[in-house]
Amino acid sequence: MKNKKKSLVTALLVVGLLTHGVIVQADDDHDHSYKKQEKYKDYDDDDDDESYQYEMDDEDDYDDESYYLNEEIYAEGIWNIWTRTVVADKGILPFVESKMVNLQVEGANKKLAFLAVPKDGQIFVPGKAVAQLLGAKATFYKTSKILAIQDQDNDLIFRAGTNVVYDNNVKTPLPALAFYLNEDLYLPISVITNGLGYIVEWQENSQMFLCQPLTK
């Protein structure tokens, strides 16, 4: 892995603009800070000979009580914006039943067809497949259900059954639990797209998600 990681500050700027300045903060006055004692586990990829070392806390989850809302989150559009917080209020989804959809990057010819799953106020998509379409390297470790994603600027590590991602080595909350389905780790589409430098919109007529690069 790269020793030097750069944070994607643009995604945070977009969050600030689209949520009308609403900020969700951690309550540092309570004992909900990251655990200091960490342990290391090796996870062997069934499809790769090399071992992947993953740094993790004893409990890879977030307690909703660790966060509070200054104001009500803007309801529309929350499904496609990763606020990097535990989201209490759920947004309005573009559809409410699982179905086959397409995803395309603006200006690119490639399309990806997959099953999208609306769940817990989020639209879940196959993380490895979407990451690869967005130009990132993605490795899924089947035994441990861990997905590691890398591109030039970003390093994201997910595990099934948790609401945590290691975002450039920073433990960061997901808006909902990642889960395993169809031999891939399903993630909120906001996290995988924003985390790799894209914003996504739903186009009802074509039943397609369209990704555009975030303005830097």
Notebook entry, point to check: Heavy-atom count around Glu204 CD within 6.0 Å, excluding the residue itself: above 12?
Noted result: yes

Margin query: Run the side-chain contact (heavy atoms from CB on, under 4.5 Å) test on Ile81 and Ser190 for me, step by step, so that the C-alpha distance in whole Å, both residues' side-chain angles and the decisive distance to 0.1 Å come before the verdict.
Written below: CA-CA 5 Å; Ile81 299 298; Ser190 60; 5.5 Å; no

Distance from [X] atom [atom1] to [Y] atom [atom2], nearest 0.5 Å?
X	Y	atom1	atom2	value
Asp184	Lys142	CG	NZ	10.5 Å
Ile149	Ile157	CD1	CD1	10.0 Å
Phe124	Ile189	CZ	CD1	11.5 Å
Ile146	Leu185	CD1	CG	9.5 Å
Tyr166	Lys171	OH	NZ	5.0 Å
Leu174	Thr83	CG	OG1	10.0 Å

Would you check if [X] and [Y] make a side-chain contact, meaning some heavy-atom pair closer than 4.5 Å?
X	Y	result
Pro94	Trp79	yes
Leu103	Val130	yes
Trp202	Ile123	no
Asn102	Ser206	no
Ile199	Thr193	no
Val200	Cys211	yes
Phe179	Asp120	no
Leu196	Asp151	yes

Notebook entry, point to check: Run the ring pair (Phe, Tyr, Trp, His ring centres under 6.0 Å) check on Phe114 and Tyr186 step by step: do they pass?
Noted result: CA-CA 11 Å; Phe114 55 84; Tyr186 266 64; 7.7 Å; no

Check: Between Lys128 and Phe140, is NZ or CZ placed under 6.0 angstrom from the six-membered ring centre and within 45° of the ring axis?
Finding: no

Next item on the list: Kindly indicate, with the supporting measurements, whether the criterion side-chain contact (heavy atoms from CB on, under 4.5 Å) is fulfilled by Thr143 and Tyr141.
Entry: CA-CA 6 Å; Thr143 302; Tyr141 300 87; over 6 Å; no

Item checked: Residues Leu147, Leu187; criterion side-chain contact (heavy atoms from CB on, under 4.5 Å); working and verdict -> CA-CA 10 Å; Leu147 177 63; Leu187 307 170; 4.0 Å; yes

Margin query: My understanding is that only one of Thr172, Asn194, Asp167 makes a side-chain hydrogen bond (donor to acceptor under 3.5 Å, both in side chains) with Arg84; could you say which?
Written below: Asp167

Notebook entry, point to check: Under 30°, 30 to 60°, or over 60°: which ring-plane class applies to Phe209 and Phe95, parallel, tilted or perpendicular?
Noted result: tilted

